Visitor: 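What follows is a single structure, and I will ask about it in a moment.
Every value quoted in this text rests on a predicted model; they were computed, and no experiment measured them. Chain identifiers are assigned alphabetically (A, B, ...) following the order of the sequence lines, protein sequences preceding nucleic acid strands; residue numbering begins at 1 within each chain.
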Protein chains: 2
Amino acid sequence: MAKSSAPSRERIVAGAADMISRRGLNATSIRELAKHAKAPLGSTYHYFPEGKQQLATEAVRYAGTAVERILRKELDAGPAAGLRAFLALWRGIVVDSDYRAGCPVLAVSVEEPPADEIPPALAAAAEAFEGWERLLAESLRAHGADRDQAAGVAALVVAGVEGAIAMCRAKRSMTPLDLVERQLEAVIAGAVGGGG
Amino acid sequence: MAKSSAPSRERIVAGAADMISRRGLNATSIRELAKHAKAPLGSTYHYFPEGKQQLATEAVRYAGTAVERILRKELDAGPAAGLRAFLALWRGIVVDSDYRAGCPVLAVSVEEPPADEIPPALAAAAEAFEGWERLLAESLRAHGADRDQAAGVAALVVAGVEGAIAMCRAKRSMTPLDLVERQLEAVIAGAVGGGG
DNA sequence: CTCTGGCTATAACGCTCGTCATAGTCTAGC
DNA sequence: GCTAGACTATGACGAGCGTTATAGCCAGAG
């Protein structure tokens, strides 16, 4: 009993993140998600008894921490190396999916919350963005940028990359991400060099 | 007969753009859209016989050219003024909607195209982005930036603002847009001043 | 007045949605 | 072998979807 076939559960979460990154949250149905993750529909409600909301929240957190892990590792070699890894990660997702997939965190961020409450998935998206920004800002500060400048540059990096991913999908071309990468490299160089 | 109550038609398109900017394309239903635009459901298929696809395409074009018009006007006073107007526009939309609305062009860009064809709405989104970038790049070049730098900065501006809008919605805070604005001002100043 | 044609109202089609309930299968522990 | 509990299979519920069809309204042309 205590086994709890975790691979199945994790496969569902990962599949949800992928599917949300392609179609958006509202357009992702649990039925198709189960099929995509090769899991029975009944299992999704077994593992995620709170339904779609819980599934979406865990998918966003899953993607957020996965990116955070990569970022944390690559930022050891400095902010510029972290930027390169961050971009390479998204580039791979966009290219491998033939411009069909993007960032699940962004996808959740751009859907209107119902009524007057903020759904946990949206809060998870905010936390993901904050985590990425914090890691970037810390690395920038550690390499000579002053506090305000670090926060600003970190926000610009995350916003610019997220926006560029969407632009690449619309244009079916990697040009926006390429252009943005070059600009962000210069901004980071200026921030760690020039200080403020 | 020749009257063709155009105000009704335009109200539907504008309502579609607003609704898409809040909920995304797939999650926007024609029934709710008609209600939101105070138009009868039958009228939507009368004005847009190709259905939702045509409606989405026109909505994206409507938003794209509206922004272009503002951009074109404000860029007369230079790239920095254009950036300020661009940001003020989105800031108004995000704040007035209490973080519920964003950019309809972005919303369309992040939804997976069906099968193997590219829907016209997605193509319209790409054109909207290209239009904004082109106007920004032209203004930058006219004020001393060299060709490559202008294209890069223009892409960064559009990507950064689009990404920041989404981040603001997730965090329910205008901080990302504020931070990005300051960074983009500096980038533009560097591009028109330093040249390359 | 009649008639025409743009617009609207209403109902229906087949489909998918999120969610729940129920019954069944399989394995781990005794 | 047997029971308990984790997992799966299946089907149903009401609701909403995009779209179409049909009939009705109502201003302007003749």
Side-chain angles (χ1 to χ4, degrees), chain A residues 1-17 19-20 22-60 107-108 111-115 117 119-122, chain B residues 1-17 19-20 22-60 107-108 111-115 117 119-122:
Chain A
M1 51 179 96
K3 185 176 69 91
S4 171
S5 72
S8 181
R9 206 194 121 105
E10 180 166 346
R11 208 176 49 240
I12 294 175
V13 174
M19 201 155 243
I20 289 171
R22 295 170 181 265
R23 327 229 262 218
L25 177 51
N26 278 315
T28 294
S29 83
I30 296 194
R31 279 176 176 82
E32 291 198 352
L33 165 58
K35 199 177 305 180
H36 178 267
K38 290 192 214 316
L41 174 60
S43 292
T44 60
Y45 283 93
H46 176 76
Y47 291 121
F48 311 93
E50 292 164 53
K52 192 175 186 176
Q53 167 182 273
Q54 180 186 5
L55 199 31
T57 307
E58 294 207 21
V60 171
V108 167
E111 301 206 6
E112 188 177 41
E117 40 165 359
L122 188 57
Chain B
M1 52 176 99
K3 186 176 65 94
S4 172
S5 71
S8 181
R9 208 195 118 102
E10 180 166 346
R11 208 176 48 240
I12 294 175
V13 174
M19 202 155 244
I20 290 171
R22 295 170 182 265
R23 326 228 256 214
L25 176 52
N26 278 314
T28 294
S29 84
I30 295 194
R31 279 176 175 83
E32 291 198 350
L33 164 58
K35 199 177 306 179
H36 178 267
K38 290 193 214 312
L41 173 61
S43 293
T44 60
Y45 283 94
H46 175 76
Y47 290 121
F48 310 92
E50 291 165 54
K52 191 175 187 176
Q53 167 182 272
Q54 180 185 4
L55 199 30
T57 307
E58 295 207 21
V60 170
V108 167
E111 300 206 6
E112 188 176 41
E117 38 163 2
L122 189 57

Visitor: Just so I know, are the side chains of B:V108 and B:I20 near enough to count as touching, which here means a heavy-atom distance under 4.5 Å?
Guide: yes
Visitor: Using whole Å, report how far CD of A:E50 lies from P of C:dC20.
Guide: 11 Å
Visitor: Distance check needed: D:dA6 C1' versus A:I12 CD1, whole Å only.
Guide: 14 Å
Visitor: Spell out yes or no: do the side chain of A:R31 and the base of C:dG18 have one donor N/O and one acceptor N/O closer than 3.5 Å?
Guide: yes
Visitor: Between C:dG6, C:dC17, D:dC7, which one does the side chain of B:H46 approach most closely?
Guide: C:dG6
Visitor: What is the separation between atom CD on A:E10 and atom P on D:dC7, rounded to the nearest whole Å?
Guide: 15 Å
Visitor: Output the rounded distance in Å from NZ (B:K38) to P (C:dA9).
Guide: 14 Å
Visitor: From the options C:dC7, D:dA9, C:dA9, select the nucleotide whose nearest atom is closest to the side chain of B:P40.
Guide: C:dA9
Visitor: Output the rounded distance in Å from CZ (A:F48) to P (C:dT19).
Guide: 13 Å
Visitor: Within the structure provided, determine whether B:F48 and B:I30 are in side-chain contact (heavy-atom separation under 4.5 Å).
Guide: no
Visitor: How many Å lie between NZ on A:K35 and C1' on C:dG18, as a whole number?
Guide: 16 Å
Visitor: Take the protein atom OH of A:Y45 and the nucleotide atom P of D:dA6, then report the distance between them rounded to whole Å.
Guide: 20 Å
Visitor: Which heavy atom of A:L25 sits nearest to which heavy atom of A:K52, and what is that distance?
Guide: O-NZ, 3.4 Å
Visitor: Any donor and acceptor pair, going by atom type alone, linking the side chain of A:R11 with main-chain N or O of A:A37 inside 3.5 Å?
Guide: yes
Visitor: Closest-nucleotide mapping onto DNA chain C: is A:G42 or A:I30 further toward the 5' terminus? I mean the 5' end.
Guide: A:I30
Visitor: Return no unless some side-chain N or O of A:S29 is found under 4.0 Å from OP1 or OP2 of C:dC17.
Guide: yes
Visitor: Where the side chain of A:T28 meets the backbone of A:G24, is there a donor-acceptor pair that is under 3.5 Å apart?
Guide: yes
Visitor: Assign B:T44 to base, sugar-phosphate, or nothing according to its heavy-atom contacts below 4.0 angstrom with the strands shown.
Guide: nothing
Visitor: Quickly work out the B:L41 CG to D:dG18 C1' distance and round it to whole Å.
Guide: 9 Å
